[in-house]
Amino acid sequence: MDQSLQFSRQKEDLLRTVRSVQVASQNTLHKAVPLLSSQPGLGLLHSSQLHQLTQKTSQFCRDLEDVGNLLLFRQDEMIHTFALPKTCGASSICLCPDGSLYVCGYDSPTVHLLNSNGKPIQVLRCWDEDFFLPDCLTMTRSGSVAVTDLSKGLVRIYNPNSQPSWVRVGGNFESPQGIAMDSSGRLLVAQYTPGAVLAFHVDRAYRIHKVKQATGLKGPTYICATPDGGFAVSEECGDVKRFTSNLKLAYSLSKTYQHSFGNPVGICVDPEGNIMVVDQQHRNVTLFPSSGSPICVVSKGLCRPTGIACSPLGQLFVIDSADNSVKVYKYRVRPYYNPTSPRRSVEKP
């Protein structure tokens, strides 16, 4: 059978199945509503039957969510790859609104600005009385670059009009690694040794205010903000935790999705709330949808992946430190999301 004809028949079968379910549920709803409103009980329907129906319906709804996700997302669709500057040794990546990229690594005192094809635009030398090595980076609301310095316990923001250009934020931090900025303008800093995430505002004098923290983490490394004001953070050789905007633990990805991580490192979240996690041990990238089962969107071609970023065009930018490159993948069929749609809750999917 011609493959195109086979696909056409499969599409017809899928649409026919979904429509049958829709018609059956509508017919039952139209029959049940007037009966339930006009009689005190449930007729001949027993509680055990109702319980069984509820369980089956929940599973069926999850299956339908999975079908929708499997139609939308893609696996191993590499668009292109580009080599990073030899002096970069990148481990962290941040996507700018114009499509350009900031990358940095803990073995080079530089931050590189590249276009979406990997062509160099600018190099920021990391100097503050002495050279320092940036661990992770993010962009502030004003478009400045903020980095963590694990070895010296500092957070710095780049300001070309100051001397030195890298301005220290607040005082010392305890083993700062991952860094991100949430939707309210707070900086989020993952502190590895104490197992905590600090959230705070930075004023024009680079002083920190309204400091809050989430504790109880085990070796937090990478962190990313979520569309609803919360954040997600990866734990070295452990788990990925999802937090609300008031720094309360919402859920654990491993427990909620029944997923086993090897060594989760870089993470990113798209505007729909889908969380993408790089697993360095398993050498893959898994997408955890806001509803439905996890989907492996990159299953091969990675040797030592670290940082990750996603774009509004449905692309993933994954750093592979083994060959010092960025591999770009298409992970969904079409660019996502309706900006007028309501944001999803961070409750357990």
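Every heavy atom of this structure was used, including side-chain atoms; hydrogens, water molecules and symmetry mates were not. In this text the structure is predicted, and so the values were computed from the model without any measurement.
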If you look at every heavy atom in R242 and D228, which pair is closest and at what distance? NH2-OD2, 3.3 Å
Any donor-acceptor N/O pair, T81 side chain to V326 backbone, under 3.5 Å: yes
Flag for T306-S91: side-chain donor and acceptor within less than 3.5 Å: no
Polar side-chain atom of Q191 near backbone of E174 as donor-acceptor pair, under 3.5 Å: yes
First locate atom CE of M139, then atom OH of Y102, and finally report the distance between them rounded to the nearest 0.5 Å. 6.0 Å
Under 3.5 Å, is there a donor-acceptor pair linking the side chains of D270 and Y331? yes
With distance as the sole test, does S162 use its side chain to make a donor-acceptor pair with the main-chain N or O of N159 at under 3.5 Å? yes
Centre-to-centre under 6.0 Å for F288 and F261, is that the case here? yes
All heavy atoms of D135 vs all of C104, minimum pair found to be O-SG, 3.9 Å
Mark yes when over 12 heavy atoms from residues, nucleotides or ligands other than R74 sit less than 6.0 Å from its CZ; otherwise mark no. yes
Might you work through the side chain to side chain donor-acceptor pair (under 3.5 Å) test for E65 and S291, ending with a clear yes or no? CA-CA 7 Å; E65 289 281 1; S291 57; 3.1 Å; yes
Any side-chain heavy atom of Q6 within less than 4.5 Å of one from Q10? yes
Would a distance-only check, ignoring hydrogens and angles, find a side-chain to backbone donor-acceptor pair under 3.5 Å from T244 to G230? no
If you count every heavy atom of other residues, nucleotides or ligands that lies below 6.0 Å from H209 atom NE2, does the total exceed 12? yes
Return the minimal non-hydrogen interatomic distance between P294 and P289, and the atom names on each side. CA-CD, 4.0 Å
Are any side-chain N or O atoms of S234 and backbone N or O atoms of V265, one a donor and one an acceptor, separated by less than 3.5 Å? yes
Which one of Y206, F131, F132, W127 satisfies the ring-ring contact (aromatic ring centres under 6.0 Å, His included) criterion with W166? F132
Please say yes or no: joined through hydrophobic side-chain contacts below 4.5 Å, possibly via intermediate residues, are M181 and V202 part of one cluster? yes
How far apart are the closest heavy atoms of A232 and I267, and which atoms are they? O-CD1, 3.0 Å
Are the side chain of S25 and the backbone N or O of Q22 linked by a donor-acceptor pair below 3.5 Å? yes
Checking K56 against S58: is there a side-chain donor and acceptor pair closer than 3.5 Å? no
Would F82 and F317 count as a ring-ring contact (aromatic ring centres under 6.0 Å, His included) here? Give the steps. CA-CA 10 Å; F82 56 83; F317 296 80; 7.2 Å; no
Ring centres under 6.0 Å, that's the criterion: do F173 and Y192 meet it? no
Smallest separation among heavy atoms of P176 and V189, with atom names: CB-CG1, 3.7 Å
Do S293 and D66 get their side chains close enough for a donor-acceptor pair, meaning under 3.5 Å? yes
State, to 0.1 Å, how close V155 and I179 come at their nearest heavy-atom pair, and which atoms those are. CG1-CD1, 3.9 Å
Do the side chain of Q49 and the main chain of H46 share a donor and acceptor less than 3.5 angstrom apart? yes
Strictly distance-based, threshold 3.5 Å: is any side-chain N or O of T256 a donor or acceptor partner for the main-chain N or O of L253? no
Validation row: R304, D320 side chains within 4.5 angstrom (heavy atoms): yes
Taking 4.0 angstrom as the limit, do D128 and R156 come out as a salt bridge? yes
With clusters defined by side-chain heavy atoms of hydrophobic residues (ILVMFWY) lying less than 4.5 Å apart, directly or transitively, does V167 cluster with V147? no
Backbone N/O of K218 and side chain of E235: donor-acceptor pair under 3.5 Å: yes
Under-4.0 Å salt bridge between R332 and E77: no
Would S151 and D149 count as a side chain to side chain donor-acceptor pair (under 3.5 Å) here? Give the steps. CA-CA 6 Å; S151 62; D149 180 355; 3.0 Å; yes
Using the side chain to side chain donor-acceptor pair (under 3.5 Å) rule, take S299 and D76 through it: C-alpha gap first, then chi angles, then the decisive distance, then the call. CA-CA 6 Å; S299 67; D76 297 328; 2.5 Å; yes
When you measure from the side chain of N263 to the backbone N and O of Q280, does any donor-acceptor pair fall under 3.5 Å? no
Can N274 and E272 be said to form a side chain to side chain donor-acceptor pair (under 3.5 Å), step by step? CA-CA 6 Å; N274 303 307; E272 289 181 344; 3.2 Å; yes
Go through the side-chain N and O atoms of H112 and T110 and say whether any donor and acceptor fall under 3.5 Å apart. yes
Using a distance-only test with no angle check, is there a side-chain donor-acceptor pair under 3.5 angstrom linking S100 and N115? no
Among L71, N69, L70, exactly one meets side-chain contact (heavy atoms from CB on, under 4.5 Å) together with V67. Which residue is that? L71
